[in-house]
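First the structure, in the form of structure tokens, and then the observations on it.
Because the structure is a prediction, the values reported are computed rather than measured. We count ligands from 1, going down the list as the structure has it; atoms in each ligand are counted the same way.
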Amino acid sequence: MTDAVILVGGLGTRLRPLTLSAPKPMLPTAGVPFLTHLLARIQAAGIRHVVLGTSFRAEVFEEYFGNGTPLGLDIEYVVERSPLGTAGGIRNVADRLRDDLVLVFNGDILSGADLTALLDAHRRCDADVTIQLTKVDDPRAFGCVPTDADGRVTAFLEKDPNPVTDQINAGVYVFRRSVIDSIPTGRPVSVERETFPALLAAGARVMAHVDTGYWRDLGKPADFVAGSADLVRGLAPSPALPGAPGEALVLAGAVVDPGAVVGGGSTIGAGCRVAAGATVEASVLFDGAVIEDGARVSRSVLGFGSRIASGAVVEDAVIGDRAIVGARVELRAGARVWPDVVLPETSIRFSSDL
Ligand code: GTP
């Protein structure tokens with residue numbers, strides 16, 4: 001039976017400060033750690049054996065998921081003492097693999113892709129590697145993957161400023177086991193920058209499988225909040241969504257005053273409080289966050305136990321755990337507040353008159 005490998009060893013620097021205390025795949029997303037959504041999809045595809053390639057905060061994964069039985073999975077963990085990169089991480093789990101076909105996932109991709117169709121395509125083409133592709137409007141920030149008429153990959157152009165195609169690497173692959181064994185050991189190796197280009201240069205059979213279903217890389221704050229909102233609203237399918245899809249997911253133990261407006265796919269974590277007159281739009285509140293009266297929070301992530309005081313405005317921002325945004329402070333456009341920081345009342349305002 002096919003093995004699944006999930007790479008979860010990255011530092012998640014683009015999501016700091018949220019990832020200072022928790023690895024990116026463990027951040028609460030629509031009510032559960034993000035990785036739960038991916039594991040549930042893997043289980044739904046009939047795969048049971050999952051190996052997590054961990055490094056940064058490795059212990060957190062096993063503490064939470066254990067041997068995987070509650071999810072109907074058999075989960076193993078392999079720790080990299082220092083991060084080995086994406087291909088190094090795949091190579092590092094080789095001795096745990098049980099099958100000749102290995103499905104590999106980046107641990108921060110939210111996708112509705114049909115995994116059975118991907119595996120079928122790989123078998124049909126008798127490929128060495130099959131790369132799942134998705135199409136995006138602006139491919140410049142991604143790995144661009146042109147293909148020929150037969151669906152064979154012709155190049156692998158990482159973060160090309162002049163992309164030749166809108167097809168990008170979706171961060172899901174099927175590997176033939178022998179290809180994994182050929183990845184060098186003992187040093188960091190990037191699958192995108194080293195392994196794929198080397199396979200192409202060596203004439204390996206690297207095929208593409210285009211899936212046009214839901215796809216989003218949750219590596220940046222704006223995508224993290226948008227992906228979470230899409231899960232809550234049912235636009236991104238997940239068997240692990242705790243509750244029915246809707247405009248807001250309010251977890252048990254959260255208190256939302258009837259005079260507050262909460263929508264846009266927001267998640268209100270356990271123990272959160274949202275006061276009357278507050279507005280929460282398309283945002284993620286980790287457990288214990290508090291929003292006081294009249295505050296407005298849009299497209300933002302509020303860390304564990306953080307507080308947004310009366311009349312404050314928080315838009316497109318990331319607020320670290322336990323940080324306090326004082327009354328009438330205004331934070332916008334990519335603002336990040338580090339854990340435990342206190343922004344005093346009205347200390348930061350934006351004016352459109354300047
Ligand atoms: P940034 O620091 O914000 O770029 O995030 P990241 O460290 O997660 O890197 P990136 O988004 O490029 O990683 C894609 C996926 O590969 C994520 O799920 C990471 O956890 C995982 N990953 C990245 N580097 C390593 C590594 O060295 N080892 C392992 N096991 N996984 C990795």
Side-chain angles (χ1 to χ4, degrees), residues 3-27 29 33-39 41-42 50-62 64-65 75-97 102-111 113 131-134 136 139-145 156-159 168-173 175 180 183-196 215-227 301 318 320 334 336:
D3 298 297
V5 172
I6 312 180
L7 297 167
V8 293
L11 294 174
T13 51
R14 289 167 298 160
L15 278 182
R16 283 181 184 164
L18 302 172
T19 44
L20 293 174
S21 55
K24 177 168 52 176
M26 293 303 288
L27 293 177
T29 318
F34 173 73
L35 192 57
T36 314
H37 298 289
L38 177 53
L39 289 169
R41 283 189 50 242
I42 289 172
V50 179
V51 188
L52 296 190
T54 66
S55 184
F56 172 61
R57 299 297 313 273
E59 71 290 351
V60 179
F61 295 96
E62 191 162 2
Y64 188 87
F65 292 109
I75 303 181
E76 291 189 68
Y77 305 83
V78 181
V79 184
E80 295 152 44
R81 228 168 261 142
S82 62
L84 290 171
T86 41
I90 301 169
R91 178 68 181 87
N92 198 47
V93 307
D95 65 356
R96 306 296 179 93
L97 302 175
V102 185
L103 251 178
V104 176
F105 297 85
N106 279 356
D108 55 355
I109 300 296
L110 179 58
S111 159
I131 304 176
Q132 189 187 298
L133 306 185
T134 188
V136 292
R140 285 175 301 180
F142 301 97
C144 236
V145 186
F156 204 89
L157 310 165
E158 191 63 11
K159 302 194 173 55
I168 62 152
N169 171 13
V172 182
Y173 322 109
F175 275 79
I180 293 179
I183 296 170
T185 57
R187 67 170 174 87
V189 185
S190 160
V191 80
E192 302 88 351
R193 293 188 173 76
E194 187 172 339
T195 307
F196 289 151
W215 184 89
R216 192 185 287 274
D217 175 341
L218 265 58
K220 292 187 290 195
D223 286 306
F224 182 79
V225 289
V301 189
V318 176
R336 296 184 194 217

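- Across I6, I131, I90, V93, a single residue satisfies side chain to side chain contact (heavy atoms under 4.5 Å, CB included) together with V104, and that is I90.
- Compare N106, V8, V93, L7 by their heavy atoms: the one nearest to atom 14 (C) of ligand 1 is in N106.
- Each of the following atoms of ligand 1 lies closer than 4.0 Å to a heavy atom of P83: 27 (O).
- In terms of polar-atom proximity, defined here as any N/O pair under 3.5 Å, L11 does make such a contact with ligand 1.
- Residue I6 does not touch ligand 1, judged by heavy-atom distances below 4.0 Å.
- The protein heavy atom nearest to atom 30 (N) of ligand 1 is E80 OE2, 2.6 Å.
- With W215 contributing its side chain and A170 its backbone, the two residues share a donor-acceptor pair below 3.5 Å.
- Under a 4.0 Å N-O distance rule, the pair E80/R91 does not qualify as a salt bridge.
- Ligand-side atoms of ligand 1 in range of T86: 16 (O), range being under 4.0 angstrom from any heavy atom.
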Check your understanding: Yes or no on side chain to side chain contact (heavy atoms under 4.5 Å, CB included) for L27 and V301, after CA distance, side-chain angles and deciding distance?
Key -> CA-CA 11 Å; L27 293 177; V301 189; over 6 Å; no

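- Nearest to atom 8 (O) of ligand 1 among the protein's heavy atoms is K24 NZ, 2.9 Å.
- Atom 2 (O) of ligand 1 has its closest protein heavy atom at T13 OG1, 2.6 Å.
- A side chain to side chain contact (heavy atoms under 4.5 Å, CB included) with F142 holds for exactly one of V136, L133, N169; it is V136.
- Rounded to the nearest 0.5 Å, atoms CG (L218) and CD1 (I109) are 8.0 Å apart.
- Distance from atom 19 (C) of ligand 1 to its nearest protein heavy atom, with residue and atom name: G10 N, 3.5 Å.
- In terms of polar-atom proximity, D108 is counted as a contact of ligand 1, with an N or O under 3.5 Å from an N or O of the ligand.
- Between the side chain of R57 and the backbone N or O of S21, at least one donor-acceptor pair lies under 3.5 Å.
- A 6.0 Å sphere centred on NZ of K159 holds more than 12 heavy atoms belonging to other residues, nucleotides or ligands.
- With a 4.0 Å cut-off on non-hydrogen atoms, S55 does not touch ligand 1 at all.
- Contact detail for V191 and T86: the closest heavy-atom pair is N-OG1, 2.9 Å.
- The distance criterion of under 3.5 Å between nitrogen or oxygen atoms is not met by P25 with respect to ligand 1.
- The shortest N/O to N/O separation between R14 and ligand 1 falls below 3.5 Å.
- Residue T54 has no N or O atom closer than 3.5 Å to an N or O atom of ligand 1.
- Ring centroids of Y173 and F196 are separated by less than 6.0 Å, placing the two rings close together.
- Here the shortest heavy-atom distance to atom 26 (C) of ligand 1, taken over G85, G89, G219, belongs to G85.
- Side chain of R336 to backbone of R16: a donor-acceptor contact under 3.5 angstrom is found.
- Taking a cut-off of under 4.0 Å to the non-hydrogen atoms of L84, the atoms of ligand 1 that pass are 27 (O).
- If you check which protein heavy atom lies closest to atom 31 (N) of ligand 1, you get G9 N, 3.0 Å.
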